[in-house]
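Inspection log for the structure reproduced underneath, given as structure tokens.
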Amino acid sequence: MKKWRRSRRESEEVNLLPVMNLMVTLIPFLLLGAAFYKLGNIPVSVPGEEMSASVDEKPLDIKVTINCSVLPDRIELTASAAGLDEAAATALGAVFTNKAGKPDLAGVTEHLAGIKNTYPKSD
């Protein structure tokens, strides 16, 4: 009786050349495309504990964040802080218009120094 053997085929090697070509082509396009994305931030504040009106608590422990927008005709400062209400934060903001075609940097510096003196924990 003859024994029939099933012929064994050796497995062929996987051709990785097309995959490598795809990666070589795709990676530079992905890297070039990433350079054109504009990263931005959206100012968001989380409501904190309400400040009570007692004399013992000092508003000096609040950290105020100032956002500066430089526009062709003015410099706008807006403020936000977790411990201040919206009206107080809006009062810290300011708009400095250009004087004789030049920005009012002295006024901006004086305003920021006043905020830093009032709220020393601010950056």
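- Within the structure, every pair that satisfies the ring-ring contact (aromatic ring centres under 6.0 Å, His included) test and touches residues 64-115, not counting sequence neighbours, is listed here: F96-H111.
- Partners of L22 according to the side-chain contact (heavy atoms from CB on, under 4.5 Å) rule, which considers only residues two or more places apart in sequence or in another chain, do not exist here.
- Minimum interatomic distance between Y119 and L92 (heavy atoms only, all atoms of both residues): CE1-CD1, 4.0 Å.
- Remark: L26 engages L30 in a side-chain contact (heavy atoms from CB on, under 4.5 Å) (not counting sequence neighbours).
- In this structure, the side-chain contact (heavy atoms from CB on, under 4.5 Å) partners of T65, at least two apart in sequence or on a different chain, are N67, S80.
- Applying the under-4.5 Å side-chain rule to Ile, Leu, Val, Met, Phe, Trp and Tyr, the cluster around L71 consists of that residue alone.
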Practice item. Test side chain to side chain contact (heavy atoms under 4.5 Å, CB included) on S69 and I75 and set out the steps. Key: CA-CA 6 Å; S69 299; I75 296 175; over 6 Å; no

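- Counting heavy atoms from C-beta outward, I115 and L77 have side chains that stay 4.5 Å or more apart.
- In plain terms, the two heavy atoms of K63 and K121 that are nearest each other are CG-O, 3.7 Å.
- Cluster partners of V19, using a side-chain heavy-atom cutoff of under 4.5 Å among ILVMFWY residues and allowing indirect links: none.
- Residue pairs meeting the salt bridge (Lys or Arg N to Asp or Glu O under 4.0 Å) criterion with at least one member in residues 66-78, sequence neighbours excluded: R74-E76.
- Residues forming a side-chain contact (heavy atoms from CB on, under 4.5 Å) with N98 (at least two apart in sequence, or on another chain): P103.
- For residues 64-84, no pair satisfies ring-ring contact (aromatic ring centres under 6.0 Å, His included), with sequence neighbours left out.
- Here CG of N15 is found 9.5 Å from CE of M20. Values are rounded to the nearest 0.5 Å.
- Under a hydrophobic clustering in which Ile, Leu, Val, Met, Phe, Trp and Tyr are joined whenever their side-chain heavy atoms come within less than 4.5 Å, directly or via other members, L105 and V95 fall into different clusters.
- The salt bridge (Lys or Arg N to Asp or Glu O under 4.0 Å) analysis of residues 14-33, with sequence neighbours excluded, yields no pairs.
- The shortest non-hydrogen separation linking T25 to P28 is O-CD, 3.5 Å.
- Screening residues 85-103 for salt bridge (Lys or Arg N to Asp or Glu O under 4.0 Å) gives K99-D104 as the qualifying pairs, with residues at least two apart or on separate chains.
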